[in-house]
Amino acid sequence: MIVKICGMRDAENIRKVEQTGADWMGFIFYEGSPRFVAARPAYLPEKMLRIGVFVNPSSASYIYNKVDELKLNGVQLHGNETPECCFRLRSHGLKVIKSFSISCENDLKQTESYVGKCDCFLFDTPTSGYGGSGQSFDWNILNAYAGQTPFLLSGGIRPESLSRLLVFHHPRWMGIDLNSGFETAPGIKNPQTLALFIRQFRLYNPRL
C-alpha cells in the first residue's frame, strides 16, 4: 500500500517526515489552502516521490514551472481539470492523480471519462472548497466502484482511523493520503505519530 503525506512545506519537518516510512509527499500549489507552498522549501525529500497538488491552475505552464522548480514526479489535480488535461500531463511523463469528491454512489460516475487518462484516482470528502476538510466520507460507497483505475483513500484520516482502515477492502485500493489528521499546525506534521501509524498500517497492508 502507498502512503502519501500531503500539505508539506517546512524544510525541517520535511526531513523528519521523510523518515517515517511514507512513499509520496504532496506539496500544495493552491493559494486558497493554509498549506500553500509560496516558495521552494530549502529541503525536498530524496527518498519519496514528490507530488504537486493543483486546483484549476491558470495554465499548463504554471504546472510545468513547478514541476521543474521542485523536480516533481507527479501531479494531483483537485479542481475541474478535464480528462484531456490529465492525458497531456501524463504524456509529459508525470504520474497523474485526479481527485473526486464522493458523497453518494452517483458521484463515482465522474471517474468514467478519466479512465486511461490518469495513473490513479483519489477519493475525498466533499467540501465547499477543495479538500482539506478534515472530515471522512462513507467508505462503504466505494463498494459500488467497479472501475479498473486504482485509487487512494483520503479525507479525514487520523490516528484513530486505523481500526477502520484495517477492515476496509477493495480490489483497486492502492493506498492512503494523510494530511490534517497528523498535524500540530497547518503544514506541520507530527513525525512520531505518523511513523507509529504507518508502522501499524503496514503490518496489515504491506507496500505494493
Side-chain angles (χ1 to χ4, degrees), residues 1-7 20-26 28 30 33 35 51 53-55 74-83 86 95-183 189-190 193-208:
M1 283 285 170
I2 297 295
V3 176
K4 175 177 171 285
I5 313 297
C6 201
T20 62
D23 306 284
W24 301 352
M25 185 175 287
I28 299 176
Y30 170 56
S33 170
R35 300 164 187 84
I51 308 294
V53 181
F54 301 87
V55 177
V75 297
Q76 180 175 311
L77 305 175
H78 257 271
N80 303 313
E81 299 85 5
T82 65
C86 295
K95 181 179 294 293
V96 175
I97 307 163
K98 182 69 182 76
S99 173
F100 298 94
S101 297
I102 305 297
S103 62
C104 63
E105 289 185 11
N106 195 54
D107 289 334
L108 295 169
K109 293 181 180 178
Q110 304 172 78
T111 65
E112 293 174 359
S113 60
Y114 290 83
V115 172
K117 310 294 194 307
C118 306
D119 292 275
C120 64
F121 299 144
L122 182 144
F123 295 141
D124 202 356
T125 306
T127 68
S128 56
Y130 296 95
S133 69
Q135 302 297 314
S136 180
F137 67 95
D138 182 2
W139 298 346
N140 290 321
I141 295 171
L142 300 181
N143 291 332
Y145 177 63
Q148 297 301 302
T149 304
F151 66 86
L152 295 172
L153 190 60
S154 185
I157 299 176
R158 56 190 70 251
E160 52 268 35
S161 303
L162 184 64
S163 58
R164 290 180 62 206
L165 287 168
L166 296 185
V167 297
F168 178 78
H169 296 286
H170 192 287
R172 298 302 170 192
W173 181 35
M174 66 175 290
I176 54 176
D177 180 76
L178 309 178
N179 196 343
S180 62
F182 293 83
E183 288 186 333
K189 306 296 187 291
N190 184 318
T193 303
L194 272 172
L196 176 60
F197 179 86
I198 293 171
R199 187 160 59 247
Q200 293 173 325
F201 178 71
R202 290 226 189 274
L203 286 175
Y204 298 91
N205 297 282
R207 279 185 171 88
L208 292 172

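Position 1 is the first residue of the sequence, and the numbers go up from there.
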Novice: Sequence neighbours left out, what passes side chain to side chain contact (heavy atoms under 4.5 Å, CB included) with Ser113? Give chain and number order.
Specialist: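 Testing Ser113 for side chain to side chain contact (heavy atoms under 4.5 Å, CB included), a comparison that skips the adjacent residues, returns Pro83.
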Novice: Kindly indicate, with the supporting measurements, whether the criterion side-chain contact (heavy atoms from CB on, under 4.5 Å) is fulfilled by Cys6 and Leu178.
Specialist: CA-CA 6 Å; Cys6 201; Leu178 309 178; over 6 Å; no
Novice: For Ser101, which residues count as a side chain to side chain contact (heavy atoms under 4.5 Å, CB included) partner, sequence neighbours excluded?
Specialist: Pro126
Novice: So which heavy atom on Cys86 is nearest to which on Leu77, and how close?
Specialist: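 Of all heavy-atom pairs spanning Cys86 and Leu77, the closest is SG-CD1, 3.7 Å.
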Novice: Begin from the C-alpha positions of Asn179 and Arg35 and carry the test side-chain contact (heavy atoms from CB on, under 4.5 Å) through to its verdict.
Specialist: CA-CA 10 Å; Asn179 196 343; Arg35 300 164 187 84; 3.3 Å; yes
Novice: Check side-chain hydrogen bond (donor to acceptor under 3.5 Å, both in side chains) between Glu160 and all other residues, then give those that pass, not counting sequence neighbours.
Specialist: none
Novice: Grab the two heavy atoms, one from His78 and one from Ser99, that are nearest each other, plus how far apart they are.
Specialist: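 Reported closest heavy-atom pair: CE1-OG, 3.1 Å.
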Novice: Looking at side-chain heavy atoms only, is the closest gap between Thr193 and Pro159 below 4.5 Å?
Specialist: yes
Novice: Give a yes or no on whether the backbone of Ala22 and the side-chain of Lys4 come within a donor-acceptor separation of less than 3.5 Å.
Specialist: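 Judged by distance alone, no pair lies under 3.5 Å.
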Novice: Going by the salt bridge (Lys or Arg N to Asp or Glu O under 4.0 Å) test, which pairs reach into residues 95-115, not counting sequence neighbours?
Specialist: Glu81-Lys98
Novice: For Ile28 and Gly7, which heavy atoms make the closest approach, and how far apart are they?
Specialist: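 Scanning both residues completely, I find the closest heavy atoms to be CD1-CA, 3.8 Å.
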Novice: Test of understanding: with side chain to side chain contact (heavy atoms under 4.5 Å, CB included), list the residues that count as partners of Thr149, not counting sequence neighbours.
Specialist: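 Expected list: Val115, Phe121, Tyr145.
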Novice: List in chain and number order the residues that pass side-chain hydrogen bond (donor to acceptor under 3.5 Å, both in side chains) with Asn140, two or more places apart in sequence or in another chain; answer none if no residue qualifies.
Specialist: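 Applying side-chain hydrogen bond (donor to acceptor under 3.5 Å, both in side chains) to Asn140 gives Asp138.
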Novice: Look only at the side chain of Thr20 and the backbone of Leu194, and say whether a donor-acceptor pair between them is shorter than 3.5 Å.
Specialist: no
Novice: Evaluate the criterion side-chain contact (heavy atoms from CB on, under 4.5 Å) for residue pair Ile198 and Leu196; output intermediate values, then yes/no.
Specialist: CA-CA 6 Å; Ile198 293 171; Leu196 176 60; over 6 Å; no
Novice: Tell me, please, which residues at least two apart from Asp23 pass side-chain hydrogen bond (donor to acceptor under 3.5 Å, both in side chains).
Specialist: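 In terms of side-chain hydrogen bond (donor to acceptor under 3.5 Å, both in side chains), with neighbours along the sequence ignored, Asp23 is linked to Arg202, Arg207.
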Novice: Within the side chain of Ser33, is there an N or O that forms a donor-acceptor pair under 3.5 Å with the backbone of Tyr30?
Specialist: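 No; zero donor-acceptor contacts below 3.5 Å.
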Novice: Measuring from Gln76:CD to Cys120:SG, what's the distance to the nearest 0.5 Å?
Specialist: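 If I round to the nearest 0.5 Å, the distance is 8.0 Å.
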Novice: Indicate yes or no for a side-chain donor-acceptor contact from His170 to the backbone of Leu142 under 3.5 Å, with no hydrogens or angles considered.
Specialist: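 Flag set: sc His170 to bb Leu142 pair under 3.5 Å.
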Novice: Are the side chains of Val3 and Trp24 in contact, using a 4.5 Å heavy-atom criterion?
Specialist: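 SC-SC contact between Trp24 and Val3 ruled out.
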Novice: Show your working on ring pair (Phe, Tyr, Trp, His ring centres under 6.0 Å) between Phe151 and Phe100 and close with a plain yes or no.
Specialist: CA-CA 10 Å; Phe151 66 86; Phe100 298 94; over 10 Å; no
Novice: Go through the steps for Leu165 and Phe197 under the test side-chain contact (heavy atoms from CB on, under 4.5 Å), then give the verdict.
Specialist: CA-CA 11 Å; Leu165 287 168; Phe197 179 86; 3.6 Å; yes
Novice: Counting C-beta onward and ignoring hydrogens, is there a side-chain heavy-atom pair between Lys189 and Ile5 closer than 4.5 Å?
Specialist: yes
Novice: Just to verify, what does Asn205 make a side chain to side chain contact (heavy atoms under 4.5 Å, CB included) with, not counting sequence neighbours?
Specialist: Met1, Leu166, Trp173, Phe201
Novice: Mark yes or no for whether Asp177, through its side chain, and Leu153, through its backbone, hold a donor-acceptor pair below 3.5 Å.
Specialist: no
Novice: Which pair of non-hydrogen atoms, one from Phe137 and one from Ile102, has the smallest distance, and what is that distance?
Specialist: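 What the structure gives for the nearest pair is CB-O, 3.5 Å.
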Novice: So, using side-chain hydrogen bond (donor to acceptor under 3.5 Å, both in side chains) as the criterion, who are the partners of Lys117 when residues are at least two apart?
Specialist: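 By the side-chain hydrogen bond (donor to acceptor under 3.5 Å, both in side chains) rule, Lys117 matches no residue at all.
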Novice: Restricting to non-hydrogen atoms, name the atom on Trp139 and the atom on Arg164 that form the minimum distance, rounded to 0.1 Å.
Specialist: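 Looking at all heavy atoms of both residues, the shortest contact is CD2-NH2, 3.3 Å.
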Novice: Identify the two heavy atoms, one from Ile97 and one from Leu122, that lie closest to each other, and give their separation to 0.1 Å.
Specialist: CG2-CB, 3.9 Å
